[in-house]
Amino acid sequence: MSKKEIKSVNYGLEKIFEGAQDFLPLLGTDYVEFYVGNAKQAAHFYKTAFGFQSHAYRGLETGATDSVSYVLTQDKIKLMLTTPLNSKSPINDHIVKHGDGVKIVALWVEDARQAYKETTSRGAKSYMEPTVEKDEHGEVVRAGIYTYGETVHMFVERKNYNGAFLPGFEKWESDYNPPAAGLKYIDHMVGNVGWNQMDVWVKWYEDVMGFENFLSFDDKQIHTEYSALMSKVMSNGNGRIKFPINEPAKAAKRSQIEEYLDFYEGAGVQHIAVATDDILKTVSQLRANGVEFLSTPPDEYYKSVPGRLEEFSHELKEDIEKLKGLGIMIDADEEGYLLQIFTKPVEDRPTLFFEIIQRMGARGFGAGNFKALFESIEREQEKRGTL
Ligand code: TYF
Ligand code: FE
């Protein structure tokens, strides 16, 4: 994306819901649930590599017979890792088809019944009717709808609930507690959808969830010499929830989105962006813990950074040599700058990965980094023979 194009970016957020009622008020992301082949080992990985903390547990010891779930937290982030305990569980089908991946993106609401009613009456396909769960710590109401692929949005209402996580879970006390890595909250979660499906899902988020299109990137902006994609960022009314949607675009070689769709065998969550307020510290720690990141952009990339910041009169507070040493990328727009870096996929299938992001005023998604980022992804595709 050229500097001129970046300048012309027009954030739509200010005009969202001007005068209109938000029919789906969302308080934030509640939890993200992964279906995995071995939750015990996955939990160890997220603790050791990403600094998540043991939080809650449901399994044979707590009376569960079909599946086991571990809940991990880091500041506001809650991850749930679930694995089936026998061949009859439908969770198996999800894992057989998609490999390990995100099943549920749960959203925190005041009224789960209302959220379910508003969305299903606008055409959402039901996953779970409003269900009340109770224990001695109070009551939680949950209801779910399908979004792209087999992915689900669960509405979670936790009025007066003061238990560890959800009814059925117990506090997970572990003797193994590696230090946190400074991850604070989920900044955005991205979905990959099939050919020509982006606008279908943009309309779905508009009509069913009341979201608005916050930013768009077409294949003329998002491409390298070889591959291309298109992306539209959807945002809810208060801007707390941001879901970019990607689709592949035709180009000389296989788009990374196409690679994802082939290996995930359908649409699904592509990356989870987590925010930190000290990316140098966070990334140093994650690297020391063995987290694998995409290769560092070339020298020319870092040479162009000061000019890009100057263009918008922002002063970089971090040492550029340190950012370069860790492979962290820098993008700027009129509102500020942002620092970001991407992990390699965290499974053997080239599917889900993480982004670490620190926002220094910028509300964009790093469009100025797209080229360097996608070239880095292509180097990985090349190694896999999937470009
Ligand atoms: O969320 C975003 O839009 C950025 C950039 O396949 C991005 O993190 C976009 C597409 C993609 C990987 C990263
Ligand atoms: Fe992102």
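From a predicted model like this one, the values you see are computed outputs, not experimental measurements. Just the heavy atoms: all of them, side chains too, but no hydrogens, waters or symmetry mates, feed the values below. First listed ligand is number 1; within each ligand, the first listed atom is number 1.
At least one N, O or S atom of Glu355, from either the backbone or the side chain, sits less than 2.8 Å from the Fe ion (ligand 2).
Residue Ile257 places a heavy atom under 4.0 Å from ligand 1.
Annotation: cation-pi geometry not satisfied between Lys78 and Trp108 (NZ/CZ under 6.0 angstrom from ring centroid, within 45° of ring axis). Both the sub-6.0 Å distance and the 45° axial angle are not jointly satisfied by Lys76 relative to the ring of Tyr185. Remark: Arg379 fails to qualify as a cation-pi partner of Phe374 under the 6.0 Å distance and 45° angle criteria applied to the six-membered ring.
With the Fe ion (ligand 2) as the vertex, NE2 (His188) and NE2 (His271) define an angle of 110°, rounded to 10°.
The distance from ligand 1 to the heavy atoms of Leu229 drops below 4.0 Å at these ligand atoms: 6 (O). Counting the atoms of ligand 1 from 1 in the order shown, those under 4.0 Å from a heavy atom of Gln256 are 6 (O), 11 (C). Residue-ligand proximity, Val190 to ligand 1, at heavy-atom distances under 4.0 Å covers atoms 1 (O). For ligand 1, the atoms closer than 4.0 angstrom to any heavy atom of Phe342 are 8 (O), 13 (C). Less than 4.0 angstrom separates some heavy atom of Asn246 from each of these atoms of ligand 1: 6 (O), 10 (C), 11 (C). Remark: ligand 1 atoms within the under-4.0 Å shell around heavy atoms of Glu355 are 8 (O).
Of all heavy-atom pairs between Ala64 and Leu85, the closest is O-CD1, 4.3 Å.
Although no hydrogens or angles enter the test, the distance criterion places no donor-acceptor pair under 3.5 Å between the side chain of Arg240 and the main chain of Thr29. The backbone N or O of Glu321 lies less than 3.5 Å from a partner atom in the side chain of Asp319, making a donor-acceptor pair.
A salt bridge does not link Arg142 with Glu157: every distance from a Lys NZ or Arg NE/NH1/NH2 to an Asp or Glu carboxylate oxygen is 4.0 Å or more. With respect to Lys303 and Glu300, no salt bridge is recorded, no charged nitrogen being found less than 4.0 Å from a carboxylate O.
Not a single N or O atom of Gln340, backbone or side chain, sits closer than 3.5 Å to an N or O atom of ligand 1. Considering backbone and side-chain atoms together, His188 places an N or O closer than 3.5 Å to an N or O of ligand 1.
At a threshold of 4.5 Å between non-hydrogen side-chain atoms, the residues Leu373 and Phe342 count as touching.
Nearest non-hydrogen protein atom to atom 11 (C) of ligand 1 is Gln270 NE2, 3.4 Å. Protein heavy atom at the shortest distance from atom 5 (C) of ligand 1 is Phe370 CE2, 3.2 Å. Nearest protein neighbour of atom 13 (C) of ligand 1, counting heavy atoms only, is Leu373 CD2, 3.5 Å.
Proximity annotation for atom 9 (C) of ligand 1: of Phe217, Phe374, Phe365, Phe374 comes nearest, heavy atoms only.
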*Is there a ring-ring contact (aromatic ring centres under 6.0 Å, His included) between His55 and Tyr31 once you walk through the steps?*
CA-CA 12 Å; His55 186 68; Tyr31 64 90; over 10 Å; no
